[in-house]
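Step one of this worksheet: look at the structure below.
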Amino acid sequence: MSHRQPATPEHLRVLISRQQIEARLDELAAQIDDDYAKSERLVCVGVLKGSIFFLVDLMKRLKTPAVVDFFQTSSYGSGTKSGELRVRKDVDMSLRGQDVLLIEDIVDTGYTLRTVLDLLRFRGARSVRLCALLDKKEAREVEVPIDYCGFRIANEFVVGYGLDYNERYRNLDFIAVYEGPTE
Ligand code: 5GP
């Protein structure tokens, strides 16, 4: 059918394959299980929407008892600079005394994560750590320590495995650099 996406459209350059993602997920989950071996339960907080594919696949591999909640931000106007971020959906659970693992798709300038991390820490969590699938280190404008990082990538716009371009491509099972027309 014409509206269907071909497996790898021409304007997508595969950067990280499904096999690479899966191997890295196994490693990350093992590392997280080790670090939280003494924790009674982990509250995994996914930042919507980009993190959901990563969150689900990672959580399925964890042996540590875990619960899930979500957080969503949006920016005022076009930028994501400090102070322009709005909370669209807050977590439903109380985070007081909890071990929180914030799960994000990509850290770019760092403004989004810096704000979200500060907000969650303010709620009295026992610990807050960050797990990000992708790290665009070169683009960083504010310092954000990533405790668990999937892959470091160059400063290019990527899609797939949860990441979108105008809401498209989230359901690709690989990560690709978008080289198509900009709308
Ligand atoms: P930051 O606040 O770190 O600049 O931006 C983080 C957010 O920007 C991510 O959660 C993601 O939604 C978006 N973003 C940054 N870089 C990319 C990219 O290469 N591809 C996509 N699809 N989104 C990105």
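All of these numbers come straight from a predicted model, not from anything done at the bench. Note that the numbering runs from 1 along the sequence shown for the chain. Each ligand, and each atom within it, is numbered from 1 in the order the structure gives.
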- Message: Just to check, does Gly50 reach to within less than 4.0 Å of ligand 1 when the distance is taken from its heavy atoms?
- Response: no
- Under-4.0 Å salt bridge between Glu143 and Arg140: no
- Message: Ignoring hydrogens, what is the shortest heavy-atom contact between Ile32 and Leu101? Give both atom names and the distance.
- Response: CD1-CD2, 3.9 Å
- Query: Within 45° of the axis and under 6.0 Å from the centre of the six-membered ring of Tyr36, does NZ or CZ of Arg129 qualify?
  - Reply: yes
- Message: So if I count the atoms of ligand 1 from 1 in the order they appear, which ones are less than 4.0 Å from some heavy atom of Asp164?
- Response: 21 (C), 22 (N)
- Note on the structure: ligand 1 atoms nearer than 4.0 angstrom to some heavy atom of Glu104 are 10 (O)
- Message: Any atom of ligand 1 sitting under 4.0 Å from a heavy atom of Asp105?
- Response: yes
- Do any pairs count as a salt bridge (Lys or Arg N to Asp or Glu O under 4.0 Å) and have a residue in residues 93-106, sequence neighbours left out, and if so which ones? Asp99-Arg126
- Which option, Leu133, Leu163, Val158, owns the non-hydrogen atom nearest atom 20 (N) of ligand 1? Val158
- Query: Taking the non-hydrogen atoms of Glu156, is any one of them nearer than 4.0 angstrom to ligand 1?
  - Reply: yes
- Got an N/O contact under 3.5 Å between Val159 and ligand 1? no
- Message: Can you name the atoms of ligand 1, numbered from 1 with element, that are less than 4.0 Å from a heavy atom of Thr112?
- Response: 1 (P), 2 (O), 5 (O), 6 (C)
- So do Phe54 and Ile21 actually touch side chain to side chain, heavy atoms under 4.5 Å? no
- Query: Within a strict 4.5 Å, meaning less than it, do heavy atoms of the Arg123 and Asp90 side chains meet?
  - Reply: yes
- Message: Please confirm whether Tyr111 approaches ligand 1 to less than 4.0 Å, judged on its heavy atoms.
- Response: yes
- Task: Using the six-membered ring wherever Trp is involved, compare the ring planes of Tyr178 and Tyr169 and label them parallel, tilted or perpendicular (cut-offs 30° and 60°).
- Result: tilted
- Note on the structure: Check: of Ile106, Val47, Thr115, min heavy-atom distance to atom 9 (C) of ligand 1 comes from Ile106
- Are any of the heavy atoms in Lys136 under 4.0 Å away from ligand 1? yes
Can you give the donor-acceptor pairs under 3.5 Å from side chains of residues 151-163 to other protein atoms, not counting sequence neighbours?
unit_1 : atom_1 : unit_2 : atom_2 : d
Glu156 : OE2    : Arg13  : NH2    : 2.9
Tyr161 : OH     : Asp57  : OD2    : 2.7

